[in-house]
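Step one of this worksheet: look at the structure below.
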Amino acid sequence: MPHLDQVLNDIDKDLDNSLQRLFAWLRIPSISTDPAYKADCRGAAEWLAGDLSAMGFAASLRDTPGHPVVVAHLPKPGAPHVLFYGHYDVQPVDPLDLWEAPPFEPRMATLSDGRKVISARGACDDKGQVMTFIEACRAYKVTTGSLPVGITMMIEGEEESGSINLPAFVQANREELKADVALVCDTGMWDRDTPAITASLRGLAYYEVIVRCADRDLHSGLFGGAARNPIHVLSRIVADLHDDSGRIAIPGFYEGVREMPREVLEQWKKLDLTPEDFLGQVGLRIPAGEKDRLLIEQIQSRPTCDANGIVGGYTGEGTKTVIAGEASAKISFRLVGDQDPAHVGEVFERFVRARIPDDCSVEIVRHKGSKAIQLPHDMPVLKKAQAALSDEWGTDTVTIGSGGSIPIVGDFKRTLGLDTLLVGFGLDDDRVHSPNEKYDLTSFHKGTRSWARILAAIGA
Ligand code: BES
Ligand code: MN
Ligand code: MN
């Protein structure tokens with residue numbers, strides 16, 4: 001790999017400018033779920049297309065029924081071609097008062113242990129991570145005049161709202177998006193020193209459950225004792241979701257869940273993830289999942305169920321003696337193995353309806369779900385990426401599963417026939433989706449160097 005050392009040098013030299021470019025992008029509040037930020041989402045897409053065009057990519061904004069997708073091409077005849085995917089949208093910032101600095105005024109900060117971090121919404125998820133790849137490309141282009149592989153980038157603006165319009169976009173543009181492999185930078189490292197390749201992602205099924213009882217809110221003195229309380233009905237449903245051993249109690253839910261191979265479990269045992277380490281960082285210490293499972297299984301290879309929010313009745317200042325007419329909850333499942341979101345929807349609906357009294361009703365809104373992803377352990381790029389990452393970080397690369405979801409990865413296989421290499425540099429303490437999101441400067445810098453090495457290895 002003739003030019004790699006020069007490219008890595010250029011990355012080191014240009015680090016401050018790389019940060020300035022990332023900061024410019026982070027200043028644009030591209031919150032995809034909130035319609036108030038529609039223009040900013042477009043702004044973030046335009047900023048990116050401008051940056052990629054300046055590097056020599058043929059970049060454009062492609063409209064969808066939602067936020068635009070940025071597609072950019074820089075082909076290299078005769079060389080392998082990769083499709084790089086990421087997202088420019090970010091999560092909402094509430095509660096705003098918990099941020100130490102405004103979320104869209106990026107800055108460098110120093111943690112109590114001396115680590116330098118980039119602080120802003122999107123610093124990690126996913127603008128910082130996407131920029132590691134782009135900066136690696138830039139360094140290659142500047143130093144050598146070209147890239148080691150042909151590249152198509154597809155950076156979307158709706159990942160945090162479920163990538164609802166992207167599958168149709170991929171389907172409609174499958175000729176244009178053709179490649180040998182897909183690359184994604186939207187996952188994490190094993191720990192601060194140990195690089196990781198993610199081989200599995202959990203799927204997602206998401207529901208809203210609205211329980212309706214009386215046709216209005218009632219005086220709890222006049223009707224209390226006789227009128228059914230929807231908050232109680234809903235709470236019973238939520239309480240029944242798990243049994244005392246932490247298992248999900250919905251009949252048929254575990255259909256399609258597979259046991260991990262013994263070798264994988266042995267490896268996981270060696271990683272020795274303790275409740276103190278993992279839960280300690282969020283102020284907890286007792287794992288709440290299935291009691292007979294390793295902590296690492298609970299967060300990577302087992303399915304889960306969570307109530308994400310619940311409302312009903314009077315929650316304002318002071319007291320109000322009332323029996324609400326309705327109560328609602330948002331309930332989601334992380335799926336693994338071959339679990340089918342449609343089947344989960346059916347068994348969940350049956351479970352809920354069985355708990356609704358005859359004179360009450362329930363509405364169940366099903367959001368679009370995604371299946372879990374398991375990537376093949378024998379992908380040709382896997383070994384190359386492992387070696388490249390180990391060279392950069394000076395230690396073995398581990399293969400892990402991730403509890404999070406990236407819905408479009410399944411479509412890359414189904415629609416484009418592509419396997420996906422998931423490499424990312426996020427850390428467990430990055431506070432993604434939370435106030436005070438950050439990305440370690442080391443993740444950004446060595447992440448960029450890692451991609452330069454991976455691109456070189458794929459191109460060689
Ligand atoms: N980057 C995350 C997914 C992720 C997180 C992967 C941690 C690996 C480790 C992504 O942006 C995300 O938040 N996805 C959502 C998807 C949902 C909105 C459909 C998720 O997992 O909740
Ligand atoms: Mn992400
Ligand atoms: Mn996210």
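When a ligand or atom number is given, it counts from 1 through the structure's own listing order. The model shown is predicted, which means the values in this text are computed figures rather than measured ones.
Within ligand 1, the atoms closer than 4.0 Å to a non-hydrogen atom of P407 are 19 (C), numbered from 1 in the order shown. Listed by number with element, the atoms of ligand 1 under 4.0 Å from a non-hydrogen atom of H433 are 13 (O). Heavy-atom contacts of L204 reach the following atoms of ligand 1: 17 (C), 19 (C) (cutoff under 4.0 Å). The distance from ligand 1 to the heavy atoms of S402 drops below 4.0 Å at these ligand atoms: 6 (C), 8 (C), 9 (C). Interface of D186 with ligand 1, defined as ligand atoms under 4.0 Å from a residue heavy atom, comprises 1 (N), 2 (C), 4 (C), 6 (C), 8 (C), 10 (C), 11 (O).
Looking at H87 against ligand 1, only its side chain comes within 4.0 Å, counting heavy atoms. At a heavy-atom distance under 4.0 Å, no atom of D126 approaches ligand 1. At a heavy-atom distance under 4.0 Å, no atom of K368 approaches ligand 1. Of the heavy atoms in S405, both backbone and side-chain atoms come closer than 4.0 Å to ligand 1.
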Evaluate T304 against V336 for side-chain contact (heavy atoms from CB on, under 4.5 Å), listing each step before the verdict.
CA-CA 9 Å; T304 66; V336 303; over 6 Å; no

Mind running salt bridge (Lys or Arg N to Asp or Glu O under 4.0 Å) on R115 and D429 for me, showing each step along the way?
CA-CA 12 Å; R115 270 188 287 162; D429 67 358; 2.8 Å; yes

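The main-chain N or O of H81 is found under 3.5 Å from a side-chain atom of D180 such that the two form a donor-acceptor pair. Using a distance-only test at 3.5 Å, with no hydrogens or angles considered, no donor-acceptor pair links the side chain of S370 to the main chain of G203.
Protein N/O/S atoms closer to the Mn ion (ligand 3) than 2.8 Å number 4 in this structure.
Nearest residue to atom 21 (O) of ligand 1 from H367, R202, R334 is R334 (criterion: closest heavy atom).
In this structure, OG1 on T448 lies 10.5 Å from CG on L8, to the nearest 0.5 angstrom. Note: I373 CD1 to S200 OG = 9.5 Å, rounded to the nearest 0.5 Å.
Counting protein heavy atoms only, atom 11 (O) of ligand 1 is closest to E159 OE1, 2.7 Å.
Within the cation-pi definition used here (under 6.0 Å to the ring centroid, within 45° of the axis), R431 does not qualify as a partner of Y439.
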Return a table of donor-acceptor pairs under 3.5 angstrom between the side chains of residues 90-103 and protein atoms on other chains or two or more places apart.
residue : atom : partner : partner atom : Å
Q91     : NE2  : E160    : OE1          : 2.8
W99     : NE1  : V93     : O            : 2.8

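Comment: E349 does not engage R355 in a salt bridge, judged by the lack of any side-chain N to carboxylate O separation of less than 4.0 angstrom. Look at R62 and E176 and you find a salt bridge, because one of the NZ, NE, NH1 or NH2 atoms lies within 4.0 Å of a carboxylate O, short of that distance. Between R138 and D14, no side-chain nitrogen of the basic residue sits less than 4.0 Å from a carboxylate oxygen of the acidic one, so the salt-bridge criterion is not met.
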